[in-house]
Amino acid sequence: MESRILFLGPVGAGKTTAVRTISDIEAVDTDVQASDEVADLKRTTTVAMDMGILQLSDTERVVLYGAPGQDRFDFMWEILLEQSDAVLLVLDHSAADPVADFRRYHTALMQVPRQRLPMAVGLTHVDCAPQLPLSVYDDYLHAARARCGCMMCTPPVLTMDTRERSDVRAALVTLAAMLEVSQRLPIKPCVA
Ligand SMILES: Nc1nc2c(ncn2[C@@H]2O[C@H](COP(=O)(O)OP(=O)(O)OP(=O)(O)O)[C@@H](O)[C@H]2O)c(=O)[nH]1
Ligand SMILES: [Mg+2]
């Protein structure tokens, strides 16, 4: 059996790192030297996609896709979402306005055709913003839950350092459980 997970989120959140960290094969990436404002953040950036494979057993594997974070490549989202069974929204908690990033990506994901994909949020770089409590996302999540409490509209939020295999694995286990539930209990159309 094969499941396909997409890592999606802003530039520098850690999507390529996550795919590299957990993949059992050498991950394929399309990173190039960063230019413009991205170069201030990091050396390279993804321009098309990342791909890796996590082999769980002889018959079970997870195909891992990483999307590019730059807005100018956002046409890739829909192509990759079409190929995916579940999404991990990877957000940099130390970014200038991580709650706005959460709102922007979550709202966009709710609007794409395969909007009912199981989704979880992985907050990275928490170590870089020790002063910022994780409760900053509460108001947004409470408002989302008031509109619709289904597991896609109100996704579980985890912290992760994408350089750590155990953290990436924990996020994938969460998504695998959500996928299993969504396959056994078809999700009712939600109101959001
Ligand atoms: N301090 C810290 N660094 C992290 C953490 N997670 C990832 N990183 C680092 O942050 C950087 C993330 O870079 P990428 O993985 O290329 O980011 P990306 O999301 O693929 O970015 P684009 O392809 O440009 O959209 C890497 O240098 C990682 O080593 C974390 O939790 N804490
Ligand atoms: Mg990348």
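Both ligands and their constituent atoms are indexed starting at 1 by order of listing.
There is no side-chain donor-acceptor pair under 3.5 Å between Thr21 and Thr162. In the model, Thr46 has a side-chain atom that pairs as donor or acceptor with a side-chain atom of Asp31 under 3.5 Å.
Summary of contacts: the protein heavy atom closest to atom 9 (C) of ligand 1 is His125 NE2, 3.7 Å. What sits closest to atom 19 (O) of ligand 1 on the protein, heavy atoms only, is Lys15 NZ, 2.6 Å. Protein heavy atom closest to atom 5 (C) of ligand 1, with residue, atom name and distance, is Asp161 OD1, 3.4 Å. For atom 23 (O) of ligand 1, the closest non-hydrogen atom on the protein side is Thr46 OG1, 2.7 Å. For atom 12 (C) of ligand 1, the closest non-hydrogen atom of the protein is Gly12 O, 3.5 Å. Closest to atom 2 (C) of ligand 1 among all protein heavy atoms lies Arg163 NH2, 3.2 Å.
Ligand 1 has no atom lying under 4.0 Å from any heavy atom of Arg20.
A side-chain contact (heavy atoms from CB on, under 4.5 Å) with Thr159 is found for one member of Val126, Thr124, Asp167 and no other, namely Val126. No option in Asp127, Val136, Asp101 other than Val136 meets the side-chain contact (heavy atoms from CB on, under 4.5 Å) test with His93.
In this structure, the side chain of Gln55 engages the main chain of Ser57 through a donor-acceptor pair within 3.5 Å. Remark: side-chain polar atoms of Arg4 are paired, donor with acceptor, to backbone N or O of Gln83 under 3.5 angstrom.
Contact record, Leu6 with Ser84: CB-OG, 3.4 Å, taken as the closest heavy-atom pair. Across all non-hydrogen atoms, the minimal contact from Tyr105 to Gly69 is OH-O, 3.5 Å. Across Gly122 and Met160, no two heavy atoms sit closer than the pair CA-SD, 3.6 Å. In this structure, Val19 and Gly52 approach most closely via the heavy-atom pair CG1-N, 3.6 Å. Contact between Thr174 and Pro156 at its shortest, heavy atoms only, is CG2-CG, 4.1 Å.
In terms of polar-atom proximity, Gly14 is counted as a contact of ligand 1, with an N or O under 3.5 Å from an N or O of the ligand. No N or O atom of Val126 sits closer than 3.5 Å to an N or O atom of ligand 1. An N or O contact shorter than 3.5 Å is missing between Cys128 and ligand 1 by distance. Polar contact with ligand 1: absent for Thr44 (N/O pair, distance under 3.5 Å). Remark: ligand 1 and Ala13 share an N or O pair separated by less than 3.5 Å (distance only, no angle test). When only interatomic distances are considered, the shortest N/O to N/O separation between Lys42 and ligand 1 falls below 3.5 Å.
With atom 24 (O) of ligand 1 as the reference point, the heavy atom nearest to it among Thr16, Thr45, Thr124 is part of Thr45.
If you look at Asp127 next to ligand 1, the close heavy atoms, those under 4.0 Å, all belong to the side chain.
For atom 21 (O) of ligand 1, a protein heavy-atom neighbour is found at a distance under 4.0 Å.
Heavy-atom proximity to Thr17, at under 4.0 Å, picks out these atoms of ligand 1: 12 (C), 13 (O), 14 (P), 15 (O), 26 (C), 28 (C). Remark: ligand 1 atoms within the under-4.0 Å shell around heavy atoms of Thr162 are 6 (N), 7 (C). In the vicinity of Met160, heavy-atom distances shorter than 4.0 Å reach the ligand 1 atoms 31 (O).
The pair Arg104-Asp71 meets the salt-bridge criterion, since a charged nitrogen lies less than 4.0 angstrom from a carboxylate oxygen. Residues Lys15 and Asp50 are not paired through a salt bridge, judged by the lack of any N-O separation under 4.0 Å between the basic side chain and the carboxylate. Salt bridge status for Asp24 with Arg165: present, with a side-chain N to carboxylate O gap under 4.0 Å.
Partners of His106 by ring pair (Phe, Tyr, Trp, His ring centres under 6.0 Å), not counting sequence neighbours, listed by chain and number: Phe102, Tyr140.
Listed by chain and number, Thr16 OG1, Thr46 OG1 are the protein N/O/S atoms closer than 2.8 Å to the Mg ion (ligand 2), with waters left out.
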